[in-house]
There are 2 protein chains.
Amino acid sequence: MSHAFDRHDHGTCIASALSAAEAACAGRGMQLTPLRRRTLEILLESHVALGAYDVLARLEAEGFGSKPPVAYRALGFLVENGFAHRIEGLSAYVACARPGSPHDPSFLVCRSCRRVAEEEIQAPLAPEAEAEGFAIERTVVEAQGLCPACRGRA
Amino acid sequence: MSHAFDRHDHGTCIASALSAAEAACAGRGMQLTPLRRRTLEILLESHVALGAYDVLARLEAEGFGSKPPVAYRALGFLVENGFAHRIEGLSAYVACARPGSPHDPSFLVCRSCRRVAEEEIQAPLAPEAEAEGFAIERTVVEAQGLCPACRGRA
DNA sequence: CGCCTCTTGTTATACTATAACATCCGCGCT
DNA sequence: AGCGCGGATGTTATAGTATAACAAGAGGCG
Ligand SMILES: [Zn+2]
Ligand SMILES: [Zn+2]
Ligand SMILES: [Zn+2]
Ligand SMILES: [Zn+2]
């Protein structure tokens, strides 16, 4: 269970994600450049999913480029390397809550505050794919609804 | 198991989906107008997911309006009423393979030919949501990969 | 130095989706 | 018939998401 909806020491989320990203980059010969690192830090500031243009606005305000490819490329790098995930149902991006270990993520996504909890589950369509001869490469699992805080505010 | 990747009598797919839509509309006081019916028929022609603008081009060629809201509204009607589903990972739409009964659909989506098989599974995040106090309203489950035919062509 | 690769930046464009307003049509009511 | 109404379709205009193609700089290495 993730801590996105709990009170927790968020500083350790940030620190462990950054050090995991640094270690993974070093190990794979990838570069965690200032732009990429800052993009990851922006996502890590909260467990809320951000749109690419939200990220871009933040980057631009801090002196990076202002055009969409700047954000899309940095986000693409983070997603490809498993440091962030794309939430398909929101067309948005969130920092990975389990950096370091490769995993097939699934999410609880609050439609009100866009906070995202990352969960670990078994691939839910594996038997069906097996029966049909379908080769699964990636499975999107996103439960949309209301988080505890937003239920309370209803 | 759906028949999207099998040889099957596709005429019965079409006929049963259309009659289920007609029955459901009659029962709920909704109107399956010519535009909506034709949109559903277009989706039913194959088990391939179509983008809204693909559908719009077909509609325009047949004398309907040519502007995006024409397609988006018809698709919205079909999705809201359970006659079609949106595939989030493709931003595309596919006819429902189990019309009539309400269900929480899940999909096997071929990234090569965009064919979609609809499956029925248990809500995969229910225990996690329960533990966190998260109220699930809808769950997107889309396995992306290669269908049997496209695997063979690799 | 000259070449190569990677990263960042730009311009321009493509693709996806909705807000707001206009028109038309069928229906119930007077 | 004349009117008001809701729903469906149509339009214009705009918002939101994403990528292709090209230019320029940094660093490694012959
Ligand atoms: Zn945290
Ligand atoms: Zn919330
Ligand atoms: Zn069929
Ligand atoms: Zn295929």
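Convention: sequence-line order gives letters A, B, ...; per-chain numbering from 1.
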Length of the line joining [X]:[atom1] and [N]:[atom2], which is rounded to integer Å:
X       : N      : atom1 : atom2 : answer
A:Phe64 : C:dT10 : CZ    : C1'   : 17 Å
A:Asn81 : C:dT7  : CG    : C1'   : 14 Å
B:Glu88 : C:dA17 : CD    : C1'   : 13 Å
B:Glu62 : D:dT9  : CD    : P     : 14 Å
A:Leu59 : C:dG9  : CG    : C1'   : 13 Å
B:Leu56 : D:dT9  : CG    : C1'   : 13 Å
B:Leu75 : C:dT16 : CG    : P     : 12 Å
A:Met30 : C:dT5  : CE    : C1'   : 13 Å

If you look only at pairs with a residue in residues 65-77 of chain A, which of them pass as a side chain to side chain donor-acceptor pair (under 3.5 Å), with sequence neighbours excluded?
none
Qualifying side chain to side chain donor-acceptor pair (under 3.5 Å) pairs, either residue in residues 26-35 of chain B, two or more places apart
B:Arg28-B:Asn81
If only atom types and distance count, is the side chain of B:Glu119 paired as donor or acceptor with the main-chain N or O of B:Pro105 below 3.5 Å?
no
Restricting to side chain to side chain contact (heavy atoms under 4.5 Å, CB included), what partner residues turn up for [X], sequence neighbours left out?
X       : answer
B:Ala20 : B:Pro99
B:Ile14 : B:His10, B:Leu18, B:Leu44
A:Arg58 : A:Arg38, A:Ile42, A:Glu45, A:Glu62
B:Ser16 : none

Might you list the N or O atoms of the protein lying below 3.5 Å from N or O atoms in nucleotides 5-7 of chain D, with each pair's distance?
from  : atom 1 : to      : atom 2 : distance (Å)
D:dG7 : O3'    : B:Gln31 : NE2    : 3.4

Test ring-ring contact (aromatic ring centres under 6.0 Å, His included) applied to B:Phe107 - qualifying residues, sequence neighbours left out
B:His85
Taking a hydrophobic cluster as the set of Ile, Leu, Val, Met, Phe, Trp and Tyr residues connected by side-chain heavy atoms closer than 4.5 Å, whether directly or through intermediates, do B:Val55 and B:Val79 fall within one such cluster?
yes
Once base and sugar-phosphate atoms are separated, protein heavy atoms under 4.0 Å mark nucleotides 14-30 of chain D, 5' to 3', with B, S and - as ---BBBB----------
Can a side chain N or O of A:Thr33 be found less than 4.0 Å away from OP1 or OP2 on C:dC6?
no
